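What follows is a short report on a single structure.
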Amino acid sequence: MKFVLEKKDTHSHARTGSLITDHGSIQTPIFMPVGTAGTVKAVHQRELKKDIQAQIILGNTYHLYLRPGLDTLEKAGGLHQFIGWDRPMLTDSGGYQVFSLAGTRKIKEEGVTFKSHIDGSKHFFAPENVMDIQRSIGADIIMAFDECTPYPCDYAYARQSMEMTHRWLLRCQDRFDSTEGKYGYSQSLFPIIQGSVYKDLRIQSAEFIAKQGREGNAIGGLSVGEPAELMYEMTELVTAILPADKPRYLMGVGTPANILECIALGVDMFDCVMPTRNARNGMLFTSEGIINIRNEKWKDDFSPIDPAIGNEVSSTYSKAYLRHLTVSKEILAAQIASIHNLSFYLWLVGEAREHIQAGDFASWKASMVKKVSTRL
RNA sequence: GGGGGAAUACCAAAGCGGCCAACUGGGACGGACUGUAAAUCCGUUGACUUAUGUCUUCACAGGUUCGAAUCCUGUUUCCCCCA
């Protein structure tokens, strides 16, 4: 994998770049649709490519390991082959499930014992087997196994958790560096900064992660309920420490406004379930603002969802039609809304990239943040 | 013609003397959702108004009772069975 830094913004820390993988290159800043269980929910791979123009999608180690399981994935020739996706992929390590499955898991130095959310069976995740599992899944970018701490989180816990995440990283690297990809292309391991919302911990973690010299770096443990200002503060703090010539991935972020703000802080990669999950729940992100398509006000609004983003689905179907499908709980509602929201997210980062290259990112961002945060 | 049963808020349906402005579904309306245990979850749904009060409700009209959606009488409508 190779990262080429292309242009730095003069009024902010925003930058553009190209991330080149064995499955093709990614133009940054980029948003990566989340496809937890080998599918971006409600969206075909064909639509991801043609309509949404996704350049890279995510998968999840925990979910794929439970189902379909590694045997199937290996027999299929890896996740790319299995799902029919020939562009880059990234897998999360299960670190987020350490956070989200808080009620059904136990953390120790050695690793984490999970209770499967599917059948209640017990499973053990540790840095070593998480690397092995991600080798079997075969994503281009794989994530270190970390503990994503909740918010709020007291200082003592945040500190000891961060230190354990660092020790886990060394174990991840040992295993990763002593193994090879199984399917003939290379994989890269991204370490993850933790430290909750404590400046000194974030600095310490960023320095530790930067020192490892991996091919890209991630910021984790944010967007877990803390105020956006704190998230920006932590992000700004660590992007200043991370090497400029490596891509920076802010995990789990976020709203359109969050993404624009964090691009300005020097982040290159984002992922979030928000465009897909909220689409299924009737919330649309558009170039004019946020729409709750269930609201009565759209009942007879026959204007297209969002013609400005140049996507066929978004300029063809009307708000009134999508509202009808949503209110009727029709499957097509989830499909159209998901395609639209993802198209919008990809359009948004594409626009950001163009404005960084054009040199007017800061002023464009200021007006865009306002627009995309408006409730229609 | 004879016998039996039922009428409750937008719909369906509990309640069968006080704890009922009335269970529960659905619908309608509104909100939440940030490395996906989520096509999920939460709230409101008589009025005035937000104290957690007042007023008007359970087909219609009377009545019994300190007190009725709940008991009695009559009226209207609907359903079932027998002729």
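Values reported hereafter were calculated over all heavy atoms of this structure, with side chains retained and with hydrogens, waters and symmetry mates removed. Quick note on labels: first sequence line is chain A, next is B, and so on, each numbered from 1. Note that this is a predicted model, so its numbers are computed, not measured.
When the C1' atom is used for both B:rC58 and B:rC11, the distance is 16 Å, rounded to whole Å. The same atom, C1', is picked in B:rU56 and in B:rC79; the two are 31 Å apart, to the nearest Å. When the P atom is compared between B:rC42 and B:rA68, the two are found 38 Å apart, to the nearest whole Å. On the P atoms, B:rU73 is 23 Å away from B:rC78, given to the nearest whole Å. For the C1' atom pair drawn from B:rU45 and B:rA12, the interatomic distance equals 16 Å after rounding to whole Å. Comparing the same atom, P, in B:rC48 and in B:rG67 gives a spacing of 30 Å after rounding to whole Å. Rounded to whole Å, the C1' atom of B:rA21 lies 29 Å from the corresponding atom of B:rG74. Across B:rU24 and B:rG15, the matching C1' atoms stand 11 Å from one another, rounded to whole Å.
Using a 4.0 Å heavy-atom criterion, one finds that A:Gln335 contacts no nucleic acid atom at all. Counting any heavy atom pair closer than 4.0 Å across all strands shown, A:Gln97 reaches sugar-phosphate atoms only and no base atom. No engagement by A:Leu250 is indicated, since no non-hydrogen atom pair under 4.0 Å with the nucleic acid exists. Among the atoms of the strands shown, base atoms are found under 4.0 Å from some heavy atom of A:Gly221. Looking at heavy-atom distances under 4.0 Å, A:Arg67 makes no contact with the nucleic acid at all. Here A:Val327 lies in heavy-atom contact (under 4.0 Å) with sugar-phosphate atoms only. Using a 4.0 Å heavy-atom cutoff across all strands shown, A:Met283 reaches at least one base atom of the nucleic acid. Looking at heavy-atom distances under 4.0 Å, A:Asn60 makes contact with sugar-phosphate atoms alone, never a base. Across all strands shown, A:Asp146 has heavy atoms under 4.0 Å from base atoms, whether or not it also approaches the sugar-phosphate. Among the heavy atoms of the strands lying under 4.0 Å from A:Thr276 is at least one base atom, whether or not backbone atoms are also near. Residue contacts shown for A:Asp271 are limited to sugar-phosphate atoms, with no base heavy atom under 4.0 Å away. Using a 4.0 Å heavy-atom cutoff across all strands shown, A:Ile192 reaches at least one base atom of the nucleic acid.
The pairing partner recorded for B:rU50 is none, the criterion being a Watson-Crick or G-U wobble arrangement whose two distances lie under 3.5 angstrom. Using the Watson-Crick or G-U wobble rule with both distances under 3.5 Å, B:rU34 pairs with nothing in any strand shown. Of the nucleotides present, B:rA28 is the one that pairs with B:rU44 by Watson-Crick or G-U wobble criteria, both distances under 3.5 Å. Look at B:rU73: its Watson-Crick or wobble partner, with both distances under 3.5 angstrom, is B:rA61.
Along RNA chain B, the nucleotide nearest to A:Lys329 and the one nearest to A:Ala228 differ in position, and the one closer to the 5' end is contacted by A:Lys329. Remark on RNA chain B: of its neighbouring residues A:Asn292 and A:Tyr62, the 5'-side contact belongs to A:Asn292, judged by nearest-heavy-atom nucleotide.
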Please set out all donor-acceptor pairs under 3.5 angstrom arising from side-chain atoms of residues 88-96 of chain A, sequence neighbours excluded.
from: A:Thr91; atom 1: OG1; to: A:Gln134; atom 2: OE1; distance (Å): 2.8
from: A:Ser93; atom 1: OG; to: A:Gly95; atom 2: N; distance (Å): 3.1
from: A:Ser93; atom 1: OG; to: A:Ala144; atom 2: O; distance (Å): 2.9

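Here side chain to side chain donor-acceptor pair (under 3.5 Å) pairs that include residues 273-299 of chain A, with residues two or more places apart or in two chains, are A:Ser287-A:Asp306. Applying the ring pair (Phe, Tyr, Trp, His ring centres under 6.0 Å) definition to pairs two or more places apart or across chains, those involving residues 20-41 of chain A are A:His23-A:His80, A:His23-A:Tyr185, A:Phe31-A:Tyr345. Residue pairs meeting the side chain to side chain donor-acceptor pair (under 3.5 Å) criterion with at least one partner in residues 227-239 of chain A, sequence neighbours excluded, are A:Lys199-A:Glu233, A:Tyr232-A:Asn258.
Close approach of RNA chain B to chain A, defined as any atom under 4.0 Å from a non-hydrogen atom of the protein, starts and stops at B:rG27 to B:rU40.
Remark: A:Gln53 pairs with no residue by the side-chain hydrogen bond (donor to acceptor under 3.5 Å, both in side chains) rule, at least two apart or across chains.
For A:Tyr65 and A:Phe125, the gap between ring centers is short of 6.0 Å.
Linking Ile, Leu, Val, Met, Phe, Trp and Tyr whenever their side-chain heavy atoms come within less than 4.5 Å leaves A:Phe82 and A:Tyr183 in two separate clusters.
Each of A:Thr61, A:Ile142, A:Asp132 was compared with A:Ile137 under the side-chain contact (heavy atoms from CB on, under 4.5 Å) criterion, and only A:Thr61 meets it.
Under a cutoff of 6.0 Å and an axis angle of 45°, A:Arg214 and A:Phe176 do not form a cation-pi pair.
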